[in-house]
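The structure under discussion appears below in the form of structure tokens.
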Number of protein chains: 2
Amino acid sequence: MKDNNDMPGHLARRFQQIAVAVFLAEVGEAGFDLTPVQYAALATIKANPGLDQVTLAGLIAYDRTTITGVVDRLVQKGLTERRASSRDRRARELEITDAGRRVLRKITPAVESAQQIMLRGLSTKEGEDLMRLLRKAIAAGNDLSRAPLREP
Amino acid sequence: MKDNNDMPGHLARRFQQIAVAVFLAEVGEAGFDLTPVQYAALATIKANPGLDQVTLAGLIAYDRTTITGVVDRLVQKGLTERRASSRDRRARELEITDAGRRVLRKITPAVESAQQIMLRGLSTKEGEDLMRLLRKAIAAGNDLSRAPLREP
DNA sequence: TACTGATAGTCAGCATACTGAGCAATATTC
DNA sequence: GAATATTGCTCAGTATGCTGACTATCAGTA
């Protein structure tokens, strides 16, 4: 039988599992309570003030039904504001709060440290190769998931 | 700000997301209703008859609290039998059923096709490189998650 | 043998992620 | 302008995946 270690799907799952654990450990040690998903959403809201939820989901490739809960929790933590759009009453405009900006600024070292730790078994070149190959595979498979990346 | 595409954690999430979607699509088209997680568990039970849940979890790097539900569903679908161990009354011995064996046999082409599709943007060599780098990064980070791989 | 520690499994609770359905509002077409 | 299609969002349901707590059992030792 084919070994798990020859299955890219299994390797993907394992690497992601480790990536999340490392992120939570580093961020937790720095004294913050933010998941990788919440971090990406918050950073994207900061970079695109006033964007709506569907756009946010497209920019980070989250499912639109997932983003609802993520934003809920960011709002609950006081890091994001969600208000009805004036131009389109279906849409919710998202805005980062001052508290959100503070968290984002203070959390950055932990996030960057996490990205290094999850590659710690690889040389610099190997790490770059891995990211390049992942980007390439992801680009080719982008439309295969329900939540593809959508360029602005 | 650092782009998401420079974050191995984000790339890991995206690749896994696509891998799961491809797996479910291929397996679903073949007429089966089995998740990647359930597939790996079932294949591992078949290869290690009579193993207990903790051992199973270690072989595929699942958390022991996750494996409970996965085995529940395999039992519910009639693909696995779970019975108390005679030597250790805490443990549950797992056994694949004939139906499980049949499903595993028939599902293999779809699973292998899925593994190819999720690498379709890469050349053969690139695919091998990606898997090698993932294996290396995973090996170095194995103990960083709550559910590390445990060799038998 | 009684005590202590470790282990196997489960459970409650929370956070992703998806499917499929539905509602409200906007856009398009006739 | 009315009918139709599309879009933004939410919800119910299911499946991972984790934390932390708990029970039952086993193993080792005083």
Side-chain angles (χ1 to χ4, degrees), chain A residues 9-10 12-14 16-25 27-28 33-41 51-58 60-74 76-77 82-94 144-148 150, chain B residues 9-10 12-14 16-25 28 33-41 51-58 60-77 82-94 144-148 150:
Chain A
H10 187 257
R13 189 190 143 275
R14 289 281 288 129
Q16 220 261 323
Q17 178 184 45
I18 291 166
V20 171
V22 168
F23 184 101
L24 292 176
V27 165
D33 171 33
L34 211 65
T35 67
V37 162
Q38 289 164 15
Y39 169 80
L51 85 175
D52 63 293
Q53 293 186 188
V54 166
T55 305
L56 170 59
I60 46 187
Y62 291 3
D63 193 274
R64 71 185 190 287
T65 64
T66 302
I67 211 77
T68 299
V70 174
V71 172
D72 278 351
R73 285 178 280 280
L74 288 177
Q76 168 119 39
K77 291 177 182 176
R82 174 205 256 146
R83 49 172 165 14
S85 164
S86 49
R87 284 172 305 142
D88 186 338
R89 283 192 298 174
R90 292 169 302 181
R92 311 302 163 94
E93 285 177 358
L94 303 175
L144 300 178
S145 82
R146 175 163 132 158
R150 301 260 176 246
Chain B
H10 186 258
R13 191 192 141 274
R14 289 281 289 129
Q16 221 262 321
Q17 178 184 46
I18 291 167
V20 171
V22 168
F23 185 101
L24 292 177
D33 171 34
L34 211 65
T35 66
V37 161
Q38 289 165 15
Y39 170 79
L51 85 174
D52 63 293
Q53 293 186 189
V54 166
T55 305
L56 170 60
I60 45 188
Y62 292 3
D63 193 273
R64 70 184 193 288
T65 65
T66 302
I67 212 76
T68 298
V70 175
V71 172
D72 278 351
R73 286 178 279 279
L74 288 177
V75 170
Q76 169 120 39
K77 292 177 181 175
R82 174 204 256 147
R83 50 172 163 19
S85 164
S86 48
R87 284 173 305 142
D88 186 339
R89 281 192 300 172
R90 292 169 301 180
R92 311 300 163 93
E93 285 176 359
L94 304 174
L144 301 179
S145 82
R146 174 166 132 158
R150 302 259 176 247

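In what follows, every chain begins at residue 1, and chains take the letters A, B, ... in the order their sequences are listed. Remember, predicted model here, so these are calculated numbers, not experimental data.
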What does nucleotides 7-17 of chain D look like as a protein-contact string, B for base, S for sugar-phosphate only, - for none, at under 4.0 angstrom between heavy atoms? BSBBB---SSB
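For Q38(A), the side-chain hydrogen bond (donor to acceptor under 3.5 Å, both in side chains) partners are K77(A), not counting sequence neighbours. For R14(B), the side-chain hydrogen bond (donor to acceptor under 3.5 Å, both in side chains) partners are N142(A), Q17(B), not counting sequence neighbours. Under the salt bridge (Lys or Arg N to Asp or Glu O under 4.0 Å) criterion, R83(A) pairs with E93(A), E95(A), sequence neighbours left out. With sequence neighbours excluded, the residues forming a side-chain hydrogen bond (donor to acceptor under 3.5 Å, both in side chains) with D88(B) are R90(B), listed by chain and number. S145(B) pairs by the side-chain hydrogen bond (donor to acceptor under 3.5 Å, both in side chains) definition with nothing, not counting sequence neighbours.
The CG-P distance, from L24(A) to dG20(D), rounds to 11 Å in whole Å. Put simply, CD1 on I60(A) is 11 Å from P on dT16(C), counting in whole angstrom units.
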